[in-house]
Colleague: 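Take this structure first; my questions come after.
Source: prediction; values computed, not measured.
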Amino acid sequence: MGRGRAKAKQTKVARDLKYRTHETDFGALAKELHGDEVHSDPVADELPDEWSDYADRSRD
């Protein structure tokens, strides 16, 4: 019991994915996959690294 509701929802989601029309930005996808853009975390840049004293300098 209870399988009918779950199956109905799965069918609804699958049908929506199959028949929904959407525009794919292949240029943005290619940039994301190839790493053309450099993303920096502004919060991490502002915060001092409290563990930098323990970093292994030979790994740089």
Colleague: How long is the straight-line distance from CZ of Arg5 back to CD of Gln10, given to the nearest 0.5 Å?
Modeller: 13.5 Å
Colleague: Distance check, rounded to the nearest 0.5 Å: Glu32 atom CD versus Asp25 atom CG?
Modeller: 10.5 Å
Colleague: Are more than 12 heavy atoms, taken from residues, nucleotides or ligands other than Arg20, located less than 6.0 Å from that residue's CZ atom?
Modeller: yes
